2 protein chains.
Amino acid sequence: MSSTRRAETFPANTPAASQIFTTVLSHGPLTRLEVARRAGLSPAAVTKAVRPLIEAGYLVEDADEPARPALGRPANPVRVDGGRALFIGVKVTGDEIIGVLTDLCCRIRVARHAPLPDRDPKGVLASVAELTGELLTAAGDLGVPVLGLGIAVSGDVDRGAGVVRYSPFLEWREVPLAELAAATTGLPVTVDNDVRALTVAEQWFGAGVGLSDFAVVTVGAGIGCGLVVHGRVVAGAQGVAGEIGHVTVDPAGPPCHCGNRGCVEAIAGDAAIVRRIRETTGVEVTDTAAAVELAHQGDTGAREAYARAGEAIGRGIATVANLLGPERVIISGEGLAAHDLFAEQIREAFTAAAFGSAAQCDLQTRPLPFEEWARGAAATAIQSFIRADQQQ
Amino acid sequence: MSSTRRAETFPANTPAASQIFTTVLSHGPLTRLEVARRAGLSPAAVTKAVRPLIEAGYLVEDADEPARPALGRPANPVRVDGGRALFIGVKVTGDEIIGVLTDLCCRIRVARHAPLPDRDPKGVLASVAELTGELLTAAGDLGVPVLGLGIAVSGDVDRGAGVVRYSPFLEWREVPLAELAAATTGLPVTVDNDVRALTVAEQWFGAGVGLSDFAVVTVGAGIGCGLVVHGRVVAGAQGVAGEIGHVTVDPAGPPCHCGNRGCVEAIAGDAAIVRRIRETTGVEVTDTAAAVELAHQGDTGAREAYARAGEAIGRGIATVANLLGPERVIISGEGLAAHDLFAEQIREAFTAAAFGSAAQCDLQTRPLPFEEWARGAAATAIQSFIRADQQQ
DNA sequence: ACTCTTAATTTCCGCCGTCAATAAAAGAAG
DNA sequence: CTTCTTTTATTGACGGCGGAAATTAAGAGT
């Protein structure tokens, strides 16, 4: 496993081919004509681009003909053969790593997690290698090649360079993770920020499909935000963007570890909610689960803490909507376990603080199973595989 | 003038040609090799694209050879011949219209303004036609054709459709201004939101040249913001974006006409500052000029009002920086007359509220002469002329 | 005069994507 | 059963864009 095996490459050199494939990938089975229409190309171009993709096994003609609605030659839709290739996505948190094996359509086949005994690059790399090894074995049993590995890390990540610039959780600076992981696993590696990875998954396989402007807001220990503008994920000039967690909601609010007061995260982050409940109720809740339970029991102080959190989140989302005018905001995150406790407040605060037509922005809530972060990492690997060099 | 004259079109059909021209336009005289490098094209492609542009008179070989630094065949830089074509930009405010005649390099040749007696579409159209007529006469004296008219209006504008969706100041809804103005002036017309127009001017001819991610913040009666992400001006899904003026800075702050409290505009807008000074000092200041003077005289209350305003603006800018990670923020606007009164607070509040590497964002201040808004409108006309159909 | 160096141009070529015509695959009509 | 209609897919010719490499251009130094 120490040698980099000859990586299989995707047979789509031209921008049109890669765009056509992406269209089919995101929009399920489509006839060639429909693909041409959506991609703004001629039918001839689609036919020509599709052939090599079918020959290589990445696309298949959909055998089952679901609807035979109309006159004329029957349509012959094509779809991506998810089983053609597998990808591995790994999310590294402060104390564990989560890995998934997905197919080309980013459907999870196997999910694993393991504790993270050691946070320094060497230790993390060993854990990643072990987990990847397990998943590779599982892939081998399926007889399908694994064509890429995506790693998601919170913090400041330069995806293009494959370098973790700064990760507070891991206490890393300038770690060339892609290079290191490629050397140990022999796979092509993509490294990206975790929220951006999740955003990529939504853009290609989730609620962001077909939208050129949307945002993903994650609610949990921290409050994160991934942005898609002009059809591309926003990375920011310094590699950091979407810091909604430290948008000030109330300058008189509780102090935040960032040094300010009343950041969204200082009100609606897990720790902030728990602290607030302790302070107002005197009950010694220690973690989020206990906080949620207390609120569900009807405790006024706990409910109020969640209401405040919801309001802060709603205001944060309204800020995003005011500034960018996205078509949709997808709210997700572990914090959604408490969804019923603040959904209403989020919506209310958003509506109140959204200015003008920004209020027309569609708010969607999506559950976030714990493997979802790792799935996002896999999505970045799929993306890198499909458009090896070219952008968007 | 009632018939639409045969519009001259720009001889650059291919994306490469238009990109090459834009590069030369923004980056002054460049040798063909340098253009090729910057545009990511081969020198051959540049030579081929440049020739018809020179023949049509849009580009010229720079006669004066400024530096002859090196060995080898002397470089033969090309630049845009600003005098080849003229454009008109018009900014419509609530009570006057401002018009400029610019050359192809967006340098102002003539500036005029006129009161706006009537705000309904018909009246505005008449005023625009009259002002345009004057500028066309001036252009005729120069013997240079006018190839486009840009109109900037505050509010919700659909540039592609040429329709003003909603303008609170003018009390317009769904006015097809581009079509109407084209019919009366006979010129190709571009209509855009005023802040976005200003942003286009900065992107092509100002402090945003060469940057793919930056923001323009305007300080004046209102607080506005134009955003460029991935090299393109953000328009938002509903045609509205950059509403920094109604980002909440302090939920306990003064009420805003939008229905919330403590919006940036409710603290740092002209009217808000004047009101604040009246309330805290008791002095009956009536307008911004008086407020500035009072502050410059050292009045504590007035100075404090400006300090608060600066803090609010700084926080607003930090929010933009946190969310988008722009490379630069350009602060401009009529409010900069009071620049010395709050520049420091803007910077301090920004630094305090910017999270992590967002603080590395470059803050620049630019004066905003009153014709600048109209110049922005002219910039949109130039942009439309250069890339008639294709995007970016 | 010759060489060295860098800029610009020319020529040729590959290749992508469109156009327009054609084939394919049904059901409908007679 | 044949022919027509309708819609999808394919084919082949064509045009044009942009790149690679060779060539020309225009000096400076020796």
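Quick note on labels: first sequence line is chain A, next is B, and so on, each numbered from 1. These numbers were taken from a predicted model, which means no experiment stands behind them.
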Query - Test salt bridge (charged side-chain N to carboxylate O under 4.0 Å, His left out) applied to B/Arg84 and B/Glu8, step by step - result: CA-CA 12 Å; B/Arg84 170 64 178 78; B/Glu8 184 176 339; 2.5 Å; yes
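Side-chain N/O atoms of A/Thr22 and A/Arg387 include no donor and acceptor closer than 3.5 Å. With hydrogens and angles left out, the side-chain atoms of B/Thr380 and B/Arg196 include no donor and acceptor closer than 3.5 Å.
The interatomic distance linking B/Gln19 (CD) with D/dC17 (P) rounds to 15 Å, in whole Å. When rounded to the nearest whole Å, the span between CD of B/Glu61 and P of C/dT9 equals 7 Å. Rounded to whole angstrom, the span from the CG atom of A/Leu30 across to the P atom of D/dT7 amounts to 19 Å. Taking atom CZ of A/Arg32 as the reference point, atom P of C/dA23 lies 19 Å away to the nearest angstrom. Rounded to an integer number of Å, the gap from CZ of A/Arg37 to P of D/dA9 is 13 Å. Atom CG in B/Leu71 sits roughly 12 Å away from atom C1' in D/dT30 (whole-Å rounding). Note: CG (A/Leu33) to P (C/dA24) measures 18 Å, nearest angstrom. Taking atom CZ of A/Arg51 as the reference point, atom P of D/dA9 lies 13 Å away to the nearest angstrom.
Note that CG of A/Asp62 and CZ of A/Arg79 are 5.0 Å apart. Values are rounded to the nearest 0.5 Å. For the atom pair CZ of B/Phe205 and OG of B/Ser26, the computed distance is 6.5 Å after rounding to the nearest 0.5 Å. Here B/Asp192 contributes atom CG and B/Gln383 contributes atom CD; the two are 8.5 Å apart, rounded to the nearest 0.5 Å. Annotation: the span from B/Leu25 atom CG to B/Leu104 atom CG amounts to 6.0 Å, rounded to 0.5 Å.
Under 4.0 angstrom from either OP1 or OP2 of D/dT6 there lies no side-chain N or O belonging to A/Arg73.
For the helix from C/dA1-D/dT30 to C/dG30-D/dC1, the axis fitted to the five pairs at one end and the axis fitted to the five pairs at the other end meet at an angle of 20° (nearest 10 degrees).
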Table of protein N/O atoms under 3.5 Å from nucleotides 16-18 of chain C N/O atoms:
residue, atom, partner, partner atom, Å
C/dG17, OP2, A/Thr14, OG1, 3.3
C/dT18, OP2, A/Ser42, N, 3.1
C/dT18, OP2, A/Ser42, OG, 2.5
C/dT18, O4, A/Lys48, NZ, 2.6

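If you run side chain to side chain contact (heavy atoms under 4.5 Å, CB included) between A/Thr102 and each of A/Ile382, A/Ile88, A/Val146, only A/Ile382 comes through.
The residues A/Arg366 and A/Glu202 are annotated as salt-bridged, a charged nitrogen and a carboxylate oxygen being separated by less than 4.0 angstrom.
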